[in-house]
Amino acid sequence: MTRLLIVGPPGAGKGTQAARIASRFDVPAIATGDIFRANIKNQTELGKQVSEIINAGDYVPDSLTNDLVANRLKEPDAAGGFLLDGYPRTLEQLGFLDKLLAAQGTALDAVIQLVVDPNEVVTRLLKRAHEEGRSDDTEDTIRYRQSLYQRETAPLIAVYKDRGLVIEIDALGEVDEVADRIAECLEARQIVPVAQ
Ligand code: AMP
């Protein structure tokens with residue numbers, strides 16, 4: 001049973017690494033950003049509520065995001081562990097997740113922090129915006145999302161550091177190299193996939 005978080009500024013490569021780790025540990029990668037985008041695409045009630053906020057690069061209100069995650073973690077595929085990507089992003093969400101896990105008698109095993117150079121991530125995001133046509137990725141919103149991350153989300157790392165959960169990973173380099181670094185650091189903590 002492996003419960004992980006991956007955290008880092010927008011453009012650090014969280015989604016790519018999350019998919020790798022999740023498949024290695026055979027747990028679902030749960031990305032709140034992806035879930036919101038799917039809701040916008042399918043024009044659900046939630047999608048309508050959040051589309052403007054997301055396009056502006058702001059954070060969706062904690063209450064909506066927390067409900068979404070609480071429901072997602074109740075799905076059977078998350079019973080054997082999970083990898084959260086892009087959640088929690090505020091101290092309020094962190095506290096909510098703590099309570100949610102405590103109520104199940106569980107807790108996180110580790111927090112993978114992707115560390116990147118701020119200029120490098122802006123370049124990466126501009127490239128991705130071009131390739132994927134993400135409407136929340138204009139240069140202004142990219143810069144705004146970076147500052148929001150620094151202000152609202154970076155402080156969460158200190159909380160998890162105090163709990164001894166944080167694994168710092170240099171996220172510059174090839175996808176495979178970064179994936180190997182993550183795997184090594186998890187192994188060093190005896191966090192390994194259960195043998196099939
Ligand atoms: P991401 O794909 O993780 O960059 O998320 C895309 C957008 O979805 C963010 O810029 C926010 O607007 C919204 N979002 C995703 N996760 C959260 C969260 N945990 N709290 C608030 N807003 C979120």
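When a ligand or atom number is given, it counts from 1 through the structure's own listing order. Residue numbers count from 1 along this sequence.
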Item to complete: List for me each residue that meets salt bridge (charged side-chain N to carboxylate O under 4.0 Å, His left out) alongside Glu75, sequence neighbours excluded, and say none if there are none.
Response: none
Item to complete: Go through ligand 1 atom by atom and flag the ones less than 4.0 Å from a non-hydrogen atom of Thr65.
Response: 18 (C), 19 (N), 20 (N), 21 (C)
Worksheet item: Does an N or O from Tyr87, backbone or side chain, lie closer than 3.5 Å to an N or O of ligand 1?
Response: no
Discussion item. Heavy-atom distances under 4.0 Å decide this one: backbone, side chain, both or neither, for Gln93 against ligand 1?
Written reply: side chain
Worksheet item: Can you tell me how far the CG atom of Asp117 sits from the CZ atom of Arg124, to the nearest 0.5 Å?
Response: 10.0 Å
Worksheet item: If we only count heavy atoms from C-beta on, is the Pro61 to Ile53 side-chain gap below 4.5 Å?
Response: yes
Worksheet item: Which atoms from ligand 1 have a heavy atom of Thr32 less than 4.0 Å away?
Response: 15 (C), 16 (N), 17 (C), 19 (N)
Fill in: Distance filter under 4.0 Å to Asp58 heavy atoms, resulting ligand 1 atoms
11 (C), 12 (O)
Worksheet entry | Distance in Å, Glu132 CD paired with Lys127 NZ, rounded so as to fall on 0.5 Å steps | 10.5 Å
Fill in: Nearest-0.5 Å distance, CD of residue Gln49 to OG1 of residue Thr44
8.5 Å
Distance-only donor-acceptor pairs under 3.5 Å for side chains of residues 182-193, two or more places apart:
| unit_1 | atom_1 | unit_2 | atom_2 | d |
| --- | --- | --- | --- | --- |
| Arg189 | NH1 | Gly164 | O | 2.9 |
| Arg189 | NH2 | Val166 | O | 3.3 |

Item to complete: Examine the proximity of ligand 1 to Asp62 and report which part, side chain or backbone, both or neither, has a heavy atom under 4.0 Å away.
Response: neither
Discussion item. Just to be sure I read this right, does ligand 1 sit under 4.0 Å from the backbone of Val60, its side chain, both, or neither, counting only heavy atoms?
Written reply: both
Discussion item. Does atom CD (Glu45) have a neighbourhood of more than 12 heavy atoms from anything else shown, all under 6.0 Å?
Written reply: no
Discussion item. For ligand 1 and Ile54, I'd like to know whether there is a polar contact (N/O to N/O, distance under 3.5 Å).
Written reply: no
Worksheet item: Taking distance alone, with no angle check, do Arg145 and ligand 1 share an N/O pair under 3.5 Å?
Response: yes
Discussion item. Under 4.0 Å, counting heavy atoms only: does Lys14 come that close to any atom of ligand 1?
Written reply: no
Worksheet item: Are the side chains of Asp26 and Thr2 in touch, meaning some heavy atoms are under 4.5 Å apart?
Response: no
Practice prompt. Could you see which bit of Tyr59 sits under 4.0 Å from ligand 1, with heavy atoms only: side chain, backbone, both or neither?
Written response: both
